[in-house]
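Worksheet: one structure, shown below.
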Amino acid sequence: MQLVYGVKDKPKFAQLIIFAIQQLLAIMAATIVVPVLVSSNTNLAEADALSASAALFGAGVGTLIYQLFTKFRSPVFLGSSFAFIGSMVAAFAGAMSNVYLGYLGLLIGVAFAGLIYVIIAIVVKVAGVNWINKLMPTAVIGPTVALIGLSLASAAISDVFSYGEKVTFGVSSYYVMQPNIWASVICAMVTLFVVIICSVYGKKMTKLIPFIIGILAGYIVALVFTLIGNATGNDALKVIDFAPFKALVADGVGINTFFAVPKFTFLNAFKGVKDFSWTYVATIAVAYIPVAFVVFAEHIADHKNLSSIIENDLLEEPGLSRTLLGDGIGSIVGAFFGGCPNTTYGESVGCVAITKNASIITITTTAIMAIIISFISPFVAFLDSIPGCVMGGVCITLYGFIAVSGLKMIQKVNLESNANLFTVAAILIPGIGGMAMGIGKVFITNIACALILGIIVNLIVSKATDRE
């Protein structure tokens, strides 16, 4: 892939700010939705809920830590990990309604997960990465990367049909096209088409910021629908929820209207120290450690994918040991503030692929911007107000590029070999079919189950002489 900006390139300052905003918009929705999902699944009261702005702050700090460990050579943004949602819910459940102990459990859990990364990084430093390549060759990594994008497809489409009712008919399902769904779909399609047109036909700067232009176009259409809905009393047209803006002035205009310190996790966690028990620590360990091994495999897949985009093997330079340390330590530090373990973001990788901008200074600026914005109330409110349907239109392209990147990897695999064919099949079918498992308090995602099965099949057929 011919990059417009390589890893070491430095765009002009004005362009850099715009590129950073684009990256931020690409990763923002997923980053702040994790604390929202955990809070809702644990029935936390509004006052006790995890802070979305703190998660954004933690993602920015975690990304800077990652960049330091990787010597600013890997254009990766770390955001809140969906894989640990079950673990985070278990931390609060094990605390037996003691919210502060639950917050402490979040920090203990991410420390366990980070420690696993550190241990693996040490093993890699001593033994090298050849064993990783044998354990997870292209026949394993390719379909796994494709699966990451494909498994997110339903989330993107659910956003496109925001507020819609899904009906199942036999083995098929569809959305009933009510007036409110039409407004949602139109906003999503405007966003999608503007992103595509800007990326394919755009010149110079337009081609480099298709997501910003697409999101703004979708937001404007959504705003028009909403204003018409408010004027006519038609709820079906009210696409944008202005509640985040109303909350800024709920108690009158004051300092919090413009500036607010995020509710950092460690502030609540320290209050739970007095209720600490080793039994609870064991519960947290069981919930977090297995997931850390799963996310390690996804770490490999994301870096292999990004390596193909920037045409430099990140597992060799700066090295897998460094990327693991950056991911692990960055996740620990980020969760100290935001509560959510971090992980490398496919949305960020997709943004790099589509815009052909792999500039490391863009990622670093995005991280700094995430930290600053988490304090600025109006901007956080604006991000919160972007309709799901608009982000759904963007995510069709982002998730699609992830899936296509994996398929491009599979092209390099000799599928005339039954050994490779069975390995790829053992990943794609269980993954797309939704082979997810709950074992005790540990939830293993469909991607993780498919990847584990693929690794096992790969080991079984690895002796085949006709493989490559």
Side-chain angles (χ1 to χ4, degrees), residues 7-8 27 31 55 57-81 83-84 87 106-133 135-136 141 265-266 284-285 288-307 309-310 312-346 348-349 352 358 360-361 363-364 366-368 370-371 448 451:
V7 174
K8 297 181 180 180
I27 60 88
T31 296
F57 182 96
V61 172
T63 300
L64 291 179
I65 296 294
Y66 173 88
Q67 296 300 343
L68 288 171
F69 273 96
T70 57
K71 300 186 290 187
F72 294 91
R73 296 180 183 178
S74 177
V76 169
F77 191 95
L78 303 185
S80 306
S81 173
F84 284 98
S87 305
L106 298 182
L107 300 192
I108 295 173
V110 77
F112 276 123
L115 181 61
I116 295 299
Y117 270 40
V118 171
I119 292 172
I120 298 176
I122 294 172
V123 172
V124 169
K125 186 67 176 178
V126 173
V129 298
N130 287 336
W131 65 277
I132 296 286
N133 293 327
L135 190 67
M136 290 182 281
I141 293 297
T265 299
F266 70 86
I284 296 299
Y288 273 82
I289 290 176
V291 181
F293 283 103
V294 170
V295 178
F296 158 68
E298 294 181 5
H299 174 102
I300 299 292
D302 281 338
H303 282 80
K304 282 281 191 179
N305 186 15
L306 188 58
S307 295
I309 294 171
I310 66 175
N312 174 59
D313 191 349
L314 296 172
L315 272 60
E316 295 290 344
E317 180 57 43
L320 181 57
S321 61
R322 285 185 171 274
T323 64
L324 283 170
L325 284 173
D327 201 343
I329 303 301
S331 186
I332 291 174
V333 176
F336 182 79
F337 294 101
C340 305
N342 291 330
T343 188
T344 51
Y345 253 29
S348 177
V349 176
V352 169
I360 195 70
I361 195 171
I363 302 295
T364 304
T366 303
I368 295 171
I371 293 172
L451 179 56

Worked check of side-chain contact (heavy atoms from CB on, under 4.5 Å) between Val76 and Ile363: CA-CA 7 Å; Val76 169; Ile363 302 295; 5.9 Å; no
Would you compute the distance between atom [atom1] of [X] and atom [atom2] of [Y] and round it to the nearest 0.5 angstrom?
X: Leu107; Y: Phe337; atom1: CG; atom2: CZ; result: 10.5 Å
X: Leu325; Y: Phe69; atom1: CG; atom2: CZ; result: 5.5 Å
X: Asn312; Y: Ile309; atom1: CG; atom2: CD1; result: 12.5 Å
X: Ile329; Y: Leu115; atom1: CD1; atom2: CG; result: 9.0 Å
X: Asn130; Y: Leu135; atom1: CG; atom2: CG; result: 12.5 Å
X: His303; Y: Asp327; atom1: NE2; atom2: CG; result: 6.5 Å

Just by distance, do the side chain of [X] and the backbone of [Y] share a donor-acceptor pair under 3.5 Å?
X: Ser81; Y: Asn342; result: no
X: Thr265; Y: Gly339; result: yes
X: Thr63; Y: Leu78; result: yes

What heavy-atom pair brings [X] and [Y] nearest, and what distance separates the two atoms?
X: Ala55; Y: Ser80; result: CB-OG, 4.0 Å
X: Ala358; Y: Ile310; result: CB-CG2, 3.7 Å
X: Ala59; Y: Phe77; result: CB-CE2, 3.9 Å
X: Leu306; Y: Pro75; result: CD2-O, 3.6 Å
X: Thr70; Y: Arg322; result: CG2-O, 3.9 Å
X: Gly60; Y: Ala370; result: CA-CB, 4.2 Å

Stepwise side-chain contact (heavy atoms from CB on, under 4.5 Å) check, Thr344 with Val349: CA-CA 9 Å; Thr344 51; Val349 176; over 6 Å; no
Distance-only polar pair, side chains of His299 and Thr323, donor-acceptor under 3.5 Å: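 Side-chain D/A pair, His299 to Thr323: present.
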Exercise: do Tyr66 and Ser74 side chains pair donor with acceptor under 3.5 Å: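 Yes - a donor-acceptor pair under 3.5 Å links their side chains.
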Crowding at NZ, Lys71 (>12 non-hydrogen neighbours, <6.0 Å):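 Yes.
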Within the 6.0 Å centroid threshold, strictly below: Tyr288 and Phe112: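 Between Tyr288 and Phe112, the centre distance exceeds or equals 6.0 Å.
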Residue pair Val123, Trp131: steps toward the side-chain contact (heavy atoms from CB on, under 4.5 Å) verdict: CA-CA 11 Å; Val123 172; Trp131 65 277; 4.2 Å; yes
Worked verdict on Phe72 versus Thr364 for side-chain contact (heavy atoms from CB on, under 4.5 Å): CA-CA 8 Å; Phe72 294 91; Thr364 304; 3.8 Å; yes
